[in-house]
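Below, all heavy atoms of this structure are taken into account, side chains as well, without hydrogens, waters or symmetry copies.
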There are 2 protein chains.
Amino acid sequence: MAINLSSTKLLDEKGLLKTNQRKEILNIMSLEDKPLTAKSIYNKLKNRNPHLKLSTVYRNLNIFAEKDIVRKLNIRNDSNENLFELIIKDHHHHLVCMKCGEIKDIKCLLDDYLKEIEDNNNYLIKDHRLTVYGLCEDCK
Amino acid sequence: MAINLSSTKLLDEKGLLKTNQRKEILNIMSLEDKPLTAKSIYNKLKNRNPHLKLSTVYRNLNIFAEKDIVRKLNIRNDSNENLFELIIKDHHHHLVCMKCGEIKDIKCLLDDYLKEIEDNNNYLIKDHRLTVYGLCEDCK
DNA sequence: CTGCCTGCAAATAGTTTGCAAGTTA
DNA sequence: TAACTTGCAAACTATTTGCAGGCAG
């Protein structure tokens with residue numbers, strides 16, 4: 001389910017300069033059906049653009065995160081690298097296989113629960129992240 | 001709600017040598033009502049034991065995590081440091097204030113939802129972590 | 001042309017590791 | 001004493017930053 005994304009339009013909307021590096025980063029992220037690390041994005045792109053630097057990827061991912069184009073997950077991979085995913089309209093969570101590392105998207109059914117938390121704790125709830133860990137069909 | 005913990009008993013049960021450093025780390029963690037970073041544990045302990053090294057804290061937190069004494073959270077603080085908490089019998093989640101950083105424990109009501117995920121995806125679910133972000137009473 | 005962006009190199013910061021000396025049982 | 005743990009210093013790895021040149025608008 002690759003996302004159909006117009007990277008130039010998105011960059012325009014957010015008031016960011018439309019550079020090739022930025023468009024390529026967004027395009028790669030929209031083609032993948034899972035969160036990516038800065039390094040994996042870099043590796044996928046450096047064939048086409050040998051001048052691209054990892055620091056540029058990091059820099060833009062941070063800018064995208066500030067502009068709510070991208071979300072920095074609080075799941076990290078085994079190498080302690082951050083994972084990033086495009087923010088798209090449908091909110092979802094992640095189901096992670098503890099053995100092979102497969103990540104699936106799962107739907108969110110937490111609205112009632114969140115309302116209860118909000119009332120009980122006198123908080124204004126803004127966001128939440130759920131990660132479910134288990135063994136996938138092949139690994140269990 | 002500091003946990004009443006016998007660190008020596010716990011270390012015994014897990015087959016770990018009962019050193020002062022380990023006991024002190026566990027005691028500090030049981031006194032705190034929130035997840036701690038390696039550095040904050042180190043800072044709290046180095047007054048009493050000036051020889052203690054940060055690497056020793058890290059080393060033991062990792063050993064504790066392997067032995068299921070401690071849990072490494074996938075929330076990180078602003079400095080990108082890992083947070084650790086004692087694993088205690090009652091499962092719970094975290095409610096984090098986005099402004100002041102306060103972390104509260106909240107109860108888990110996800111059993112039905114998890115069962116549904118398990119069935120829908122053909123996974124065997126082993127664990128899950130929810131973090132809810134918002135603004136606390138004082139910050140909102 | 002003007003300011004934002006990138007490549008490059010070097011710095012930061014969190015965490016890990018090798019080793020010799022010290023401690024636990 | 002034998003095995004395990006710690007202090008110490010140094011390495012490692014992910015991420016960030018300063019700067020000069022390059023590119024988008």
Hey, does the side chain of Q21(B) come within less than 4.0 Å of dT23(C)'s phosphate (OP1/OP2), counting only N and O? no

When you measure from the side-chain N and O atoms of T56(B) to the phosphate of dG7(D), is any distance below 4.0 Å, counting only OP1 and OP2? yes

So do the side chains of [X] and [Y] get within less than 4.5 Å of each other, counting heavy atoms only?
X: F64(B); Y: L11(B); answer: yes
X: T8(B); Y: D12(B); answer: no
X: H128(B); Y: I117(B); answer: no
X: I63(A); Y: R22(A); answer: yes
X: K126(B); Y: K140(A); answer: no

Any idea which of [options] is nearest the [X] side chain?
X: N62(A); options: dG7(C), dA14(D), dT16(D); value: dT16(D)
X: N60(B); options: dT16(D), dC8(D), dT6(D); value: dT6(D)
X: S79(B); options: dG14(C), dA14(D), dG7(D); value: dG14(C)
X: E81(A); options: dG7(D), dA14(D), dC8(C); value: dA14(D)
X: R22(A); options: dT17(D), dG14(C), dC5(C); value: dC5(C)

Quick one, give me the B/S/- string for nucleotides 19-25 of chain D, reading 5' to 3', where B means a protein heavy atom under 4.0 Å from the base and S means that only happens at the primed atoms, P, OP1 or OP2. B----SS

What is the distance, to the nearest angstrom, from the NZ atom on K53(A) to the P atom on dG18(D)? 19 Å

May I have the distance from L61(B) (atom CG) to dT6(D) (atom C1'), rounded to whole angstrom? 15 Å

With E85(A) as partner, the option from R129(A), K72(A), R71(A) fulfilling salt bridge (charged side-chain N to carboxylate O under 4.0 Å, His left out) is R71(A)

Checking all strands, does T37(B) fall into the base, sugar-phosphate, or nothing category for heavy-atom contacts under 4.0 angstrom? nothing

